[in-house]
Participant: 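One structure, pasted below without further comment.
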Amino acid sequence: MSEPVSEDLRHGYDFESIQERWLPVWDELQPFRSGDPADTRETRYVLDMFPYPSGDLHMGHAEAYALGDVIARYWVQRGFNVMHPIGWDAFGLPAENAAIKRGEDPAIWTYANIEQQKSSMRRYACSFDWDRVLNTCDPTYYRWNQWFFLKMHERGLAYRKASAVNWCPTCQTVLANEQVVGGLCERCDSAVTKKKLTQWYFRITDYAERLLDDMQQLEAGWPEKVLLMQRNWIGRSTGAEVQFVVEGREEPVTVYTTRPDTLYGATFFVVAVDSDLAAELVGGTPAEPDFVAYLDQVKQLSEMDRLDAGREKTGVFLERYAINPVNGEQIPIWASDYVLADYGTGAIMAVPAHDQRDLDFALKFGLPVSVVVESDEDPTVTGIATGDDGAHVNSGPLDGLGKADAIAKMIEILDERGTGKASINYRLRDWLISRQRYWGTPIPIIHCDTCGEVPVPEEQLPVVLPSAEGLDLKPKGASPLGAAIEWASVPCPKCGAPATRDADTMDTFVDSSWYFMRYLDPHLTTAPFDVEQAKKWAPVDQYVGGVTHAILHLLYSRFYTKVMFDMGLIDFNEPFTRLLNQGMVVMNGSAMSKSRGNVVRLSDELATNGVDAVRLTMVFAGPPEDDVDWADVSPAGAKKFLARAWRVADDVTSVPGADATTGDIELRKATAKAISEAEQALDSYRFNVAVAKTMELVNATRKAIDSGCGPADPAVREAAEAVAVMLSLVAPYTAEDMWRLLGHQPCVARAGWPTFDPALLVQESVTCIVQIAGKVRERLEVSPDISEADLKALALASDAVQSALAGADIKTVIVRAPKLVNIVPA
RNA sequence: GCGGGUGUGGCGGAAUUGGCAGACGUGCAGGAUUUAGGAUCCUGUGCCGAAAGGCGUGCGGGUUCAAGUCCCGCCACCCGCACCA
């Protein structure tokens with residue numbers, strides 16, 4: 001099987017030897033270093049989402065990095081100083097799980113994988129600036145996680161509270177809201193349960209309004225879909241808070257509602273079964289045993305079950321009553337799990353006539369239903385809640401008003417009486433960042449019996465993870481760090497008494513929330529990043545990554561950026577100006593997975609077709625945001641094209657610097673057109689189209705060599721050089737070798753984008769189509785600046801037109817010189 | 001249920017402001033060269049039709065001299081959210 005190699009040699013193009021030839025040269029020349037302070041080029045910051053080091057690179061990486069690379073390399077060719085860094089999102093569960101399996105330190109597995117990925121990326125010819133590499137599991141990195149935590153703590157943005165939190169029984173750790181997908185753990189798909197724990201939170205809800213408002217800045221550069229998902233996630237809703245007096249209770253209870261206009265229709269009251277309020281209200285009533293039994297039953301449910309909207313309503317009457325503030329009616333208070341403890345106030349007024357959930361509940365338990373918005377159907381008969389909008393009835397001063405007016409009026413009334421006010425609520429919850437696992441950033445807090453939670457003094461950072469040696473990392477619901485007695489036992493920084501370190505580690509999304517700033521100077525020891533470098537480079541001009549992070553990572557990064565802004569560290573408030581969500585690489589329509597047995601191995605593809613062909617396949621497959629189905633594309637075809645392009649350069653016989661202006665005019669025009677069109681395609685992120693334009697130019701040049709002006713014509717050299725530079729974005733090895741064949745020194749990556757004489761784009765004749773009743777009947781070669789009158793006359797005089805008209809009368813003639821004439825017969 | 005997106009040859013996909021639908025590639029067919037081809041080169045390739053010609057961008061209407069593109073109504077598929085009061 002040594003055949004393929006000898007064939008390639010026979011035809012000259014051998015991707016393997018080309019790869020071997022140029023890798024060491026590039027290592028030497030380092031064309032993508034961006035840190036030279038004397039560099040005066042305008043700056044651009046291109047960022048690929050950094051990888052998690054679990055094994056070697058796969059097809060998904062190959063696509064993402066190929067696309068990011070096209071953008072970075074294009075901007076280098078256009079004369080920018082481009083920062084294109086890479087690093088590793090190196091903390092997290094897979095390393096820990098692998099370590100448990102092998103009984104070794106997660107650091108060993110992690111760093112081995114990083115080395116492997118790094119070497120694969122080098123071979124894949126990623127245009128990274130290798131001087132800027134960072135690993136989040138290095139203490140030099142995570143000390144700044146801790147630093148940010150302390151700053152947040154100072155500002156009241158990091159706080160601890162006891163709450164029912166999401167718990168993954170498999171990972172044996174808590175999860176943020178964003179990490180629960182459809183009731184399942186985002187990482188391992190286990191059914192998530194609730195657990196009451198005291199945990200650390202970041203107060204992201206304080207930023208809800210700004211996270212929403214600032215999306216305006218992103219509208220031009222982010223996919224609409226991602227913005228929409230974030231808007232939905234933040235879930236702003238407007239309504240009112242209404243106070244209900246509860247019989248036998250000093251303080252009134254406040255509810256949140258988006259429909260204060262339906263207050264006259266509130267016939268009962270529901271509190272979340274797992275809220276403190278429910279326990280308090282039921283305390284001492286005859287309903288208490290029933291309530292406790294019900295609460296136990298609810299606790300058994302997984303989040304999955306609980307979220308099932310089709311499920312029958314359940315609940316318990318608490319033997320207590322509230323007073324409807326507008327009509328003074330006594331309404332019963334129930335507890336149910338369909339009301340969420342952590343949204344609004346954990347209690348609602350139920351308006352069964354006009355809310356489906358409340359109606360379901362009312363019908364199940366035989367509670368009264370009172371229509372307050374005029375409806376044709378009776379909800380108690382149809383079982384369907386009515387009255388999204390309509391005239392209000394049975395509502396005193398609101399009678400006759402529509403929804404919007406009624407809401408305004410009711411808020412006015414509540415305001416006057418001091419029993420309510422307009423209010424805004426968000427679906428977004430605070431970000432739970434504690435994790436009960438080993439491989440993460442230790443939380444820099446010391447718990448002291450007398451002083452409480454004491455921040456680790458800044459000068460004592462980093463709080464370095466204790467060695468995994470001797471620690472049992474197996475998940476058991478409590479952090480393994482607690483068992484590192486020597487590590488955990490420290491004097492209280494305040495009073496000096498014996499105290500213990502917080503044993504939890506931070507969510508790894510903390511690591512990735514600001515890493516884009518650390519790249520600016522990853523070796524800096526005095527601050528997380530250099531403020532001056534930030535002015536030079538940030539924010540990120542182009543971010544590239546999968547849509548899987550549409551909410552989690554991107555929302556957290558946006559939050560961190562606003563916090564950094566408030567701290568005065570930066571002068572912008574959005575981290576990523578443009579965002580490109582590349583599609584996935586799939587096989588036969590479905591995601592590659594071992595269980596499906598449809599995994600295509602990147603290493604196999606690289607061995608068969610070479611790096612350039614794989615990169616080209618990824619880029620040429622279609623629009624970058626679409627999925628690439630490997631069954632639909634042809635890496636072999638890509639290789640064939642690269643060989644064709646290479647041979648064009650090989651065939652050139654003129655010397656470098658040959659005067660192109662004396663060359664074949666038709667090929668020169670084709671070259672100018674290809675460059676211009678590729679440019680437009682690249683500027684609008686239609687990389688597949690840019691490749692097509694390059695292919696057209698290769699075809700035209702081939703033709704010129706074989707059956708046109710011949711290989712010695714300087715226009716052929718001009719075309720081949722343009723192809724080399726255009727190709728350098730996608731197929732750097734082939735392009736570099738073409739550059740060598742053309743008599744140039746490396747690197748083609750910094751040769752500069754080809755220029756052309758705009759006069760070459762002007763055509764001296766264009767094809768004008770002549771339509772009769774919208775159908776093409778004739779084509780005329782005309783001057784591009786022909787007048788409408790001349791063109792009309794010319795078209796009408798044409799034989800084809802005359803015979804097609806067959807003497808019919810003409811109603812109108814539409815002339816769009818010089819491209820079209822449409823003759824409309826009567 | 002709510003919200004959003006997408007429908008173009010056998011396949012992946014092209015197509016400024018409405019103005020030659022199918023660029024480029026793949027696949028397929030035929031040919032050249034070759035001991036051979038999973039190499040290279042050339043030719044053809046939307047569909048129907050022998051041809052003339054007709055039809056054609058999910059379906060049905062509409063606007064227009066002209067619609068893949070704009071408007072209205074459907075259908076299909078995909079994605080996100082889903083007891084958030």
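As the structure is a computational prediction, the values presented were derived from the model and not from experiment.
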Participant: Partners of D706(A) by salt bridge (charged side-chain N to carboxylate O under 4.0 Å, His left out), sequence neighbours excluded?
Facilitator: R702(A)

Participant: So, OP1 or OP2 of rU16(B): does either fall under 4.0 Å of a side-chain N or O from K819(A)?
Facilitator: no

Participant: Which pair of non-hydrogen atoms, one from A607(A) and one from E16(A), has the smallest distance, and what is that distance?
Facilitator: O-OE2, 4.4 Å

Participant: Measuring to OP1 and OP2 of rA15(B), would you say a side-chain N or O of R686(A) lies under 4.0 angstrom away?
Facilitator: yes

Participant: Would you write the dot-bracket representation of RNA chain B, where each base gets (, ), [, ], | or . depending on whether it forms a Watson-Crick or G-U pair under 3.5 Å and with which partner?
Facilitator: (((((((..(((......[....)))((((((.......))))))(((....)))..(((((..]....))))))))))))....

Participant: Relative to the 5' end of RNA chain B, which residue comes earlier, K225(A) or A621(A), by the nucleotide with the nearest heavy atom?
Facilitator: A621(A)

Participant: Tell me the closest heavy-atom pair linking N232(A) and R427(A), and the distance in Å.
Facilitator: O-NE, 3.6 Å

Participant: Whole Å only: how far is the CD1 atom of I407(A) from the P atom of rA85(B)?
Facilitator: 12 Å

Participant: Could you tell me whether the phosphate oxygens of rA82(B), OP1 or OP2, come under 4.0 Å of any side-chain nitrogen or oxygen in R427(A)?
Facilitator: yes

Participant: What pairs of nitrogen or oxygen atoms, one from the protein and one from nucleotides 23-26 of chain B, lie under 3.5 Å apart?
Facilitator:
{"unit_1": "rA23(B)", "atom_1": "O2'", "unit_2": "E696(A)", "atom_2": "OE2", "d": "3.3"}
{"unit_1": "rG25(B)", "atom_1": "OP1", "unit_2": "N699(A)", "atom_2": "ND2", "d": "3.0"}

Participant: Taking rC71(B) as the reference, what is the distance to rG19(B) when you measure between their P atoms (whole Å, please)?
Facilitator: 15 Å

Participant: Considering just the side-chain nitrogens and oxygens of Y338(A), establish if one lies under 4.0 Å of OP1 or OP2 belonging to rA85(B).
Facilitator: no

Participant: Among rC20(B), rC83(B), rA85(B), which nucleotide sits nearest the side chain of I348(A)?
Facilitator: rA85(B)

